[in-house]
Each structure stands twice: as structure tokens, then as C-alpha cells.
Amino acid sequence: MKKMLLIITILLGLNCYTQTNVITNNKLIINHGDVTLYLSDDTSTMVSKHVLSYSNYKKLKTVPRDNHWFKDTYDNGKSDKKAYVNSGYDLGHLTPSDITSYDAETNHSSFSLFNQAPQLAHFNEHPWEQLEMHVEDSIGKYKEDVVIITGVIYDYNSSTPHDFLYKSRVRIPIAYYKILVLKTKTYCWVGSNNNESILPTTISELNKMFKINKMTLTIN
């Protein structure tokens with residue numbers, strides 16, 4: 001039996017959003033103001049944490065979409081956008097461009113190549129986008145500062161050519177997940193990067209899925 005590659009404990013209670021932290025034993029962390037990116041040991045995209053105040057939420061869509069993907073901090077040899085051409089996969093945002101459209105610099109940071117992973121085009125442009133809009137609507141409903149944590153799940157127990165974009169080192173996630181943390185509520189969803197289904201889930205169930213990832217992670 002293969003060694004378990006991930007030990008993960010998530011403690012998300014009813015704490016104020018400012019107390020929500022992502023803690024990892026991996027020092028590959030990139031800070032872009034409101035957005036923090038966490039990478040795996042092999043510099044694959046793993047988690048994006050977005051701290052969004054309600055005052056900034058009310059300024060959404062006041063700056064234009066940057067739309068310029070850029071190589072960020074670490075040159076991992078995996079950031080070739082050509083690998084996506086005719087692959088059927090989009091460069092799928094973790095923290096979306098739309099929800100950072102209150103500030104030009106923050107919106108630019110959402111186009112870091114470490115804030116994306118291969119996402120089936122239809123999944124990205126339809127079911128997942130609808131979830132992102134639902135999250136925005138929820139913030140408007142509750143009128144609260146929030147933390148939004150978005151990440152991907154890879155199957156590190158598998159290393160076939162089908163696990164990567166064609167002739168590249170870009171690993172394809174098997175799933176995307178999103179956690180919306182308000183002051184008194186936490187919501188979680190997981191979406192399949194195979195059949196495109198999105199289901200509500202729990203921190204406990206996410207814990208089980210994370211065990212095939214290659215990262216020690218704590219969210220508390």
C-alpha cells in the first residue's frame with residue numbers, strides 16, 4: 001500500500017473570518033495582497049485564499065479584466081500556455097477574475113499562472129462559473145466580510161500520461177473545491193473535473209479527498 005501522501009486537518013468553526021488561516025508545511029507561498037497562493041512541493045497549483053471585505057465586494061466590476069496570464073515567482077517549467085491549445089481544458093481560475101474586479105492590482109494577480117489549473121472548458125464556463133456567481137450572490141445576501149478558499153485535488157497515486165496535459169508536465173486535477181467562510185457560516189462545494197458535477201460537501205468529506213494530494217494542509 002502506498003504511503004499516505006497527505007495528512008490534513010481542517011478546523012473551520014464559527015470564528016470571525018480574520019481568524020481563518022491556511023497553514024502548510026510547504027514554504028512555497030505567494031502573497032498578492034488580498035490573494036494568497038499555496039503551492040505543492042513540486043510547484044503545482046494547490047490553494048488560493050481570498051480575503052474579501054464587503055466594502056470591496058460593493059466595488060466589483062469597477063476595474064476592467066486584466067486578462068494577461070503571467071509567470072509568477074517560481075519558474076517551474078510547467079507554465080507553458082501552449083500546452084492548453086486544443087486540449088479541451090481552460091486555464092481555470094481558482095480565485096476568479098470577476099470577484100477581484102474591485103482593484104486593478106488584485107485583478108492582475110488573479111492571472112498568476114499559479115492561480116489556475118487545467119479545467120474542462122465546459123465545466124469552467126458553465127457549472128463552475130455558476131457556482132462562482134452563487135458565491136458572489138451569497139456575499140451580497142449576508143453583507144459580510146468573507147474568506148473564500150478555492151483549491152484543486154490531484155491524484156498523486158496515479159502518474160499515467162492521461163494525468164497531464166499532452167506532452168507537458170502540467171498535472172490535471174480530478175476535482176475543484178470551494179469554501180466560503182462567513183462570520184457565522186461555512187459552505188463547501190466540490191466539483192468533478194471529469195463529469196462536471198458540483199455537490200455541496202463538508203469539511204470532513206473534503207478531508208478524505210485531500211489524502212491523495214501531496215501537501216500537508218491545515219485550515220483553521
Measure the NZ-OG distance between K185 and S138 for me, rounded to the nearest 0.5 Å. 11.0 Å
Let me confirm one number: the OH-CG distance from Y154 to N193, rounded to the nearest 0.5 Å. 10.0 Å
Is it possible for you to say whether V35 and Y74 belong to one hydrophobic cluster, with membership spreading through side-chain heavy-atom contacts below 4.5 Å? yes
Quick one: closest heavy-atom pair of S197 and N195, and the distance? OG-OD1, 2.8 Å
Here the salt bridge (charged side-chain N to carboxylate O under 4.0 Å, His left out) pairs for residues 55-64, sequence neighbours left out, are K61-D98, K61-E136
Determine whether a donor-acceptor pair (N or O, by modelled atom type, separation under 3.5 Å) exists between the side chain of E129 and the backbone of H126. no
Separation between OH (Y176) and CD (Q119), nearest 0.5 Å, reads 4.0 Å
Honestly curious: do L180 and Y54 fall in one hydrophobic cluster under the side-chain, below-4.5 Å linking rule? yes
Establish, for the pair R65 and F111, whether the NZ or CZ atom is under 6.0 angstrom from the six-membered ring centre and no further than 45 degrees off its axis. no
Given the rule in the side-chain contact (heavy atoms from CB on, under 4.5 Å) test, do K81 and L113 qualify, once you have shown the distances and angles that lead to the verdict? CA-CA 9 Å; K81 292 188 290 184; L113 285 166; 4.2 Å; yes
Counting neighbours of CG on N86 that are heavy atoms of other residues, nucleotides or ligands and sit closer than 6.0 Å, is the number greater than 12? no
Validation row: T95, I148 side chains within 4.5 angstrom (heavy atoms): no
Would W189 and Y177 satisfy ring pair (Phe, Tyr, Trp, His ring centres under 6.0 Å), going step by step from the backbone distance to the final call? CA-CA 6 Å; W189 301 268; Y177 65 90; over 10 Å; no
V63 reachable from I99 in the ILVMFWY side-chain graph, under 4.5 Å edges: no
Within the structure provided, determine whether T45 and N115 are in side-chain contact (heavy-atom separation under 4.5 Å). no
Would you say the ring centers of H93 and W69 fall short of 6.0 Å from each other? yes
Mind checking whether I149 and K178 have side chains closer than 4.5 Å, heavy atoms only? no
Between the main-chain N or O of D155 and the side-chain N or O of S158, is there a donor-acceptor pair closer than 3.5 Å? no
Under a single-linkage definition using a 4.5 Å side-chain heavy-atom cutoff for Ile, Leu, Val, Met, Phe, Trp and Tyr, are L91 and F164 assigned to the same hydrophobic cluster? no
Treating S40 as the side-chain partner and S44 as the backbone partner, does any N or O pair qualify as donor plus acceptor under 3.5 Å? yes
Shortest non-hydrogen contact between P118 and P173, atoms and distance: O-CD, 3.3 Å
S112 side chain to S109 backbone, donor-acceptor under 3.5 Å: no
Report the relative orientation of the aromatic rings in Y187 and Y142; use parallel for angles under 30°, tilted for 30 to 60°, perpendicular for over 60°. tilted
Separation between CG of D90 and NE2 of H122, rounded to the nearest 0.5 Å: 11.5 Å
Report yes if the side chains of Y102 and N107 come closer than 4.5 Å at any heavy-atom pair, otherwise no. no
In terms of heavy-atom contacts, A83 and S87 come closest through O-CB, 3.8 Å
With distance as the sole test, does D34 use its side chain to make a donor-acceptor pair with the main-chain N or O of L52 at under 3.5 Å? no
Work out which heavy atom in L206 is nearest to a heavy atom in V190; give both atom names and the distance. CD2-CB, 4.4 Å
Validation row: V147, K49 side chains within 4.5 angstrom (heavy atoms): yes
Let me check something: do M209 and I212 share a hydrophobic cluster, defined by ILVMFWY side-chain heavy atoms less than 4.5 Å apart, either directly or through other members? yes
Any non-hydrogen side-chain atom of E196 less than 4.5 Å from a side-chain atom of W128? no
Sub-4.5 Å side-chain heavy-atom contact between I30 and F114: yes
Counting C-beta onward and ignoring hydrogens, is there a side-chain heavy-atom pair between C188 and I179 closer than 4.5 Å? yes
Counting only N and O atoms by type, is there a donor-acceptor contact under 3.5 Å from the side chain of D163 to the main-chain atoms of S159? yes
When rounded to the nearest 0.5 angstrom, what is the spacing between CD1 in I29 and CG in L37? 10.0 Å
For a quick check under 3.5 Å, do T106 and T100 share a side-chain donor-acceptor pair by atom type? no
Counting heavy atoms not belonging to E125, are there more than 12 under 6.0 Å from its CD? yes
Give a yes or no on whether Y166 atom OH has more than 12 heavy-atom contacts from other residues, nucleotides or ligands under 6.0 Å away. no
Between Y84 and V170, what is the shortest heavy-atom contact and its length? OH-CG1, 3.9 Å
Would you compute the distance between atom CD of E132 and atom OG of S97 and round it to the nearest 0.5 angstrom? 9.5 Å
Applying side chain to side chain donor-acceptor pair (under 3.5 Å) to D41 and N26, what does each step give before you reach the verdict? CA-CA 6 Å; D41 288 328; N26 192 332; 2.7 Å; yes
